[in-house]
Amino acid sequence: MTRRILTLALDTPLDTFFDYSWSAPETGSADPQVGQFALVPFGRREVVGLITDIKQETDIDLARLREVIAIRSQLEPVSPDWIALCQFAADYYQRPLGEVALPCVPKHLRAAKTVALERALKKLAATNTRPSDQPVYARPTLNPEQQAAVDAIVTTKGFHAHLLFGVTGSGKTEVYLHAAERLLQQESAQGRAAQVLILVPEINLTPQLEASVHARFPGLPMATLHSQLAEGERLRHWIAAHQGKAAIVLGTRLAVLASMPHLRLIIVDEEHDPSYKQQEGLRYSARDLAVWRASRQQIPVVLGSATPSIESWQHAQTGRYRQLSLTHRAAAQARLPRVGLIDMEIHKAPDGLSQPLLAALRARLERKEQSLLFLNRRGYAPVMHCDACGWISNCRRCTAFMVLHKPERRLRCHHCSLELRIPTACPTCGNVDLQPLGRGTQRVEEHLQSIFPDARVLRIDADSTRRKGSAQAAFESVHRGEVDILLGTQMVAKGHDFQRLTLVGVINPDTALFSQDYRAGERLFAQLMQVAGRAGRAGAKEGELQTSEVLLQTRYPQHPLYQALLRHDYVGFADSTLAERRAAGLPPFVYQALLRAEARNLQDALDFLQQARGLLPTEGIVLNDPVPMTITRVAGVERAQLLVESASRPQLQAFLKPWMQALRQQKSRLRWSLEVDPIDI
Ligand code: ADP
Ligand code: ZN
Ligand code: ZN
C-alpha cells in the first residue's frame, strides 16, 4: 500500500507546519502533489490545508500521525510561484504561511463538503472553449505618448516596473488595454497561454473597467475578484483564474493573491491609493506584492497614477522604476480644468457654500451641465452640542464624537458603530435646543435642495449606498445625465469618467493640512488632484470655450499645497515632499513597523509595549517610546503603539523575525499585532 507523509500549512496563528499521513484509498490512485489542498483533522475540527511538502519516509512515529481525510484532487495544484508569493508575504509581514495562503482561497474550497466545488467545476467545464483574442471593437488611435508607453511595456523582456505617470484623463486605461491586448496576442502567436491581472482600488470602479474590457475583448474569458462577490461566484471566478481560463483577471487588492498560472502582466491602476493597503488581518500592500510577484515571475508590472505615491516617485527618480509620462488629456479638445481658490476669510459662508461657488453651480444648472461637490465627511454634522452647558455628543465607548445622521434620526459612532436615538434634550442640563456643529454631506444636500429646489441632487457616500448594487445604480444615473449636482465623499472622487461634468467644488479640505499624520498632505494632494480630474474630461463642444473649473473653498489660499494644485504641479509637490521627508528622516528614507497592543486598561497596553522594547538587542534599530494611539479608545478598548524604525529594510526584517518569536513566547493575554510599512501612524 502506498503511504506518504504530507506537510501542510493550516490557517492558524501557530508558526509551524503540520505533518499527516496519507495512504492510497485504492490501488492505482494518483499520488498527492505539492500545491494541492487537503482536508485533515485538526483538534476536533476538520480543516482544509495546503500541501507544501511530501515525504516518502519519516523518522516520526507513524502511529502518532493523523490521517489525511481527503485530497482535493478535482483541482489542479497551485503553482510553485503562487506558493512563493504567499511565503514571501508571510515572511515579510511576519505571519505563518497558512494564515496568508488559506484566507486567499474561496470559502467553498476550504469547506469539508465538496458539493459547491463540484458544481463550480462542472459549470466551468461547460464553458471550456477559448474564443479568439481578436478584438473587434473600434478603438481610438493612441497618441504618440500612449503608443510609446505601450511599446515600452510590451517589448521589454523580463521584469520591469513601469511608473505610468499620466495626468487625469490622459488615457491610462487605453494604455492598459492596448498593452494587455498586445501581450495576449504575442503570447498566443507563440502558442502560449497568457493571463493579465488588473488591479483597481475600489469595488465601485470594477463595473466601469469590466465594461471597457468586455467591449474591447468580446467573448474573452475574464474573472473578477473583489470582496462583494457571493461565495458561489467567488469560487467560480477564482477557479477560472486558477485554471488559466480567465485571460484577464480584474479585481481589488485581494486579487493580487489570485492563483494565475500563466500570469504575464500586472497592472495597478491608481497605484497611490491607500485602499491597496489591507487594514486588518494580514496588513499587506497589494501594490508592493504586485511588484514582488512581477519580479519573481520576470514579467512587467505597470503602476499607473496622476499622483504617484511618494515611494513610487522616489523609485522612478532613482531609476528603479521606469517612468512613462502622459502629459496631456487624450480626448480631442479636453484640457485640464482651471483651478480657483475661494478665500473663506473673505467669503463667509454660514451654510458651507460660498457665493462664488453657488454662482458657479447656478451657471452649470443653466447650461445643463453637471457639477460635483466633494466633502469628505458623511453624516449631517460631525457632532451635536448644547450651547447652555457645553455638552457634546461624545461616544461613551470611544475617544470620538457621535455623528448626527438626520435622515436616519440617529447619532452614530463611526468607530464602534454604536447608535443612539437623537436626544430630544441635553442629557446633562435638559436644554431642548441642541445644535448640530459643522457639516457633513447630508447637511449640504439639504442646503442645496433648499437653494436649488428644481435641481436633481444626488448624494453618494457610504450611507446612501449600503444596499448591494446601489452604488453602481447611482453612478449609472450620473452617467446617463439624470443628475445635475452630484455630492459625495471620496467615493465620488476616484477614477470615474464622467462625461458631462464641468464643475468640481471642494468644500472643506483644510483640516488635513494640520494633521499629525505626515502622510496627510500627500493624501490630500492626491485626493484633490483626483477629484479635480473629474471635470472637463470630454472637452468643450465644437466652437465653445473650455469652461470646466475646480473651485476650492479654503482659509489658507497661500498654502504651498494649494498653490501646487493651482498649477497642476504634481512634480513640484512630490519633489518638495521628498526633500522634507529626507530632512525629517521619514519614509521612504527610513523603514518602519508598528507594534500595536490593546487592553481594557491603557497602562497595561503601554507596559506590554515597554517590555517588548527590551526583549532583544537592537543593533541598527530604533524603538521609539510606546504611545497611546490618536484615537485611543475604540469600543471600550484602549490602544497603544510602538514605532520601530531602521535605515535598512533587511536590517529591520532581520530584527522583526526573532522579535516576533520572542513576543509569541511571552504568551501575553493581551491582544497585539504587528504592521510592516504602516501607512497610518
Ligand atoms: P485616465 O485613466 O488617464 O484618467 P481615461 O483612460 O479614463 O483617463 O481616458 C480619458 C478619456 O479619454 C476617456 O473618455 C477615453 O475614452 C479618452 N481617450 C483615451 N485615449 C484616447 C485617444 N487616444 N484618443 C481619443 N480619446 C481617448
Ligand atoms: Zn446642556
Ligand atoms: Zn464609539
Side-chain angles (χ1 to χ4, degrees), residues 137-150 164-179 198 200-201 205 208-209 211-213 215-216 267-271 273 302 304-308 324-337 383-403 411-420 423-435 479 493-501 529-539 631-637 639:
Y137 171 76
R139 47 208 204 283
T141 318
L142 296 182
N143 62 42
E145 285 181 336
Q146 287 173 313
Q147 191 61 56
V150 173
L164 180 63
F165 171 47
V167 299
T168 52
S170 58
K172 294 186 283 296
T173 315
E174 220 41 69
V175 171
Y176 306 150
L177 295 180
H178 272 80
I198 307 179
V200 292
L205 290 171
Q208 181 177 312
L209 193 55
S212 307
V213 173
R216 182 61 51 87
I267 289 159
V268 185
D269 189 23
E270 311 291 0
E271 66 88 27
D273 200 296
V302 181
S305 178
T307 51
L324 308 170
S325 300
L326 307 179
T327 52
H328 53 84
R329 288 198 155 175
Q333 310 285 328
R335 301 274 172 282
L336 286 172
V383 56
M384 266 192 111
H385 97 132
C386 167
D387 265 343
C389 75
W391 171 86
I392 49 175
S393 57
N394 281 313
C395 175
R396 61 175 137 84
R397 306 167 63 201
C398 308
T399 10
F401 297 128
M402 306 263 317
V403 178
L411 290 180
R412 263 193 201 144
C413 174
H414 290 181
H415 296 278
C416 73
S417 311
L418 180 68
E419 291 206 8
L420 300 174
T424 47
C426 173
T428 49
C429 77
N431 171 17
V432 291
D433 191 21
L434 294 178
Q435 294 298 323
H479 286 298
K494 296 185 184 180
H496 294 278
D497 193 22
F498 300 124
Q499 289 285 315
R500 298 167 227 231
L501 204 116
M529 287 282 272
Q530 190 89 39
V531 72
R534 296 316 101 206
R537 294 173 73 83
I631 299 176
T632 311
R633 185 165 20 96
V634 168
V637 176
R639 312 176 314 159

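Ligands are counted one by one from 1 in listed order, and the atoms in each one are counted from 1 as well. For the numbers below, each heavy atom of this structure counts, side chains included, while hydrogens, waters and symmetry mates do not.
Shown here for Thr173 and Leu209, the closest heavy-atom pair between the two residues is CG2-CD1, 3.6 Å. Annotation for Arg633 and Thr399: closest pair N-OG1, 2.7 Å, computed over non-hydrogen atoms. Between Ala334 and Arg329, the shortest heavy-atom contact is O-CB, 3.5 Å. Nearest approach of Thr168 to Gly533, heavy atoms of both residues: OG1-CA, 3.3 Å. Of all heavy-atom pairs spanning Glu270 and Pro201, the tightest one is CB-CG, 3.8 Å.
The protein atom (non-hydrogen) at minimum distance from atom 26 (N) of ligand 1 is Ala331 CA, 3.8 Å. The protein non-hydrogen atom at the shortest distance from atom 4 (O) of ligand 1 is Gly169 N, 2.7 Å. Shortest contact from atom 13 (C) of ligand 1 to any protein heavy atom: Asp497 OD2, 3.3 Å. Atom 7 (O) of ligand 1 has Arg537 NH2, 3.0 Å as its closest protein atom, hydrogens excluded (heavy atom only). Atom 25 (C) of ligand 1 has its closest protein heavy atom at Ala330 O, 3.9 Å. Closest to atom 8 (O) of ligand 1 among all protein heavy atoms lies Gly171 N, 3.2 Å. Annotation: atom 6 (O) of ligand 1 to nearest protein heavy atom, Thr173 OG1, 2.8 Å. The shortest contact between atom 20 (N) of ligand 1 and any protein heavy atom is with Gln146 NE2, 3.1 Å.
Using modelled atom types and a 3.5 Å distance limit, the side chains of Thr327 and Glu145 yield a donor-acceptor pair.
In this structure, SG of Cys429 and SG of Cys386 enclose an angle of 100° at the Zn ion (ligand 2), rounded to 10°.
Here Leu326 has no heavy atoms under 4.0 Å from ligand 1, in either its backbone or its side chain.
Taking a cut-off of under 4.0 Å to the non-hydrogen atoms of Pro140, the atoms of ligand 1 that pass are 22 (C), 24 (N). The distance from ligand 1 to the heavy atoms of Thr168 drops below 4.0 Å at these ligand atoms: 4 (O). Which parts of ligand 1 touch Thr141 is read off a 4.0 Å heavy-atom cut-off, strictly below it: atoms 22 (C), 23 (N), 24 (N). Ligand 1 places these atoms under 4.0 Å from at least one heavy atom of Leu142: 23 (N). Residue Gln499 has at least one heavy-atom neighbour below 4.0 Å for each of these atoms of ligand 1: 14 (O).
In this structure, Gln146 contributes its side chain and Gly171 its backbone to a donor-acceptor pair below 3.5 Å. No side-chain donor-acceptor contact under 3.5 Å links Arg397 to the backbone of Cys413. In this structure, Arg534 contributes its side chain and His496 its backbone to a donor-acceptor pair below 3.5 Å. In this structure, Lys172 contributes its side chain and Gly304 its backbone to no donor-acceptor pair below 3.5 Å.
Contacts of Thr141 classified as side-chain hydrogen bond (donor to acceptor under 3.5 Å, both in side chains), with partners at least two apart in sequence or in another chain: none.
For the atom pair NE2 (His385) and CH2 (Trp391), the distance works out to 10.0 Å, reported to the nearest 0.5 Å. Rounding to the nearest 0.5 angstrom, the gap separating the CD1 atom in Ile198 from the CD1 atom in Ile267 is 4.5 Å.
For atom 16 (O) of ligand 1, the nearest protein heavy atom is 4.0 Å or more away.
For the ligand labelled ligand 1, residue Arg329 lies outside the 4.0 Å heavy-atom shell. Note on ligand 1: Gly166 sits outside its first shell, no heavy atom being nearer than 4.0 Å.
Considering both main-chain and side-chain atoms, Ser170 comes within under 3.5 Å of ligand 1 through a nitrogen or oxygen pair.
Contact check for His328 versus Leu336: no side-chain heavy atoms found under the 4.5 Å cut-off.
Residue-and-atom listing of protein N/O/S atoms under 2.8 Å from the Zn ion (ligand 3), sorted by chain and number: Cys395 SG, Cys398 SG, Cys413 SG, Cys416 SG.
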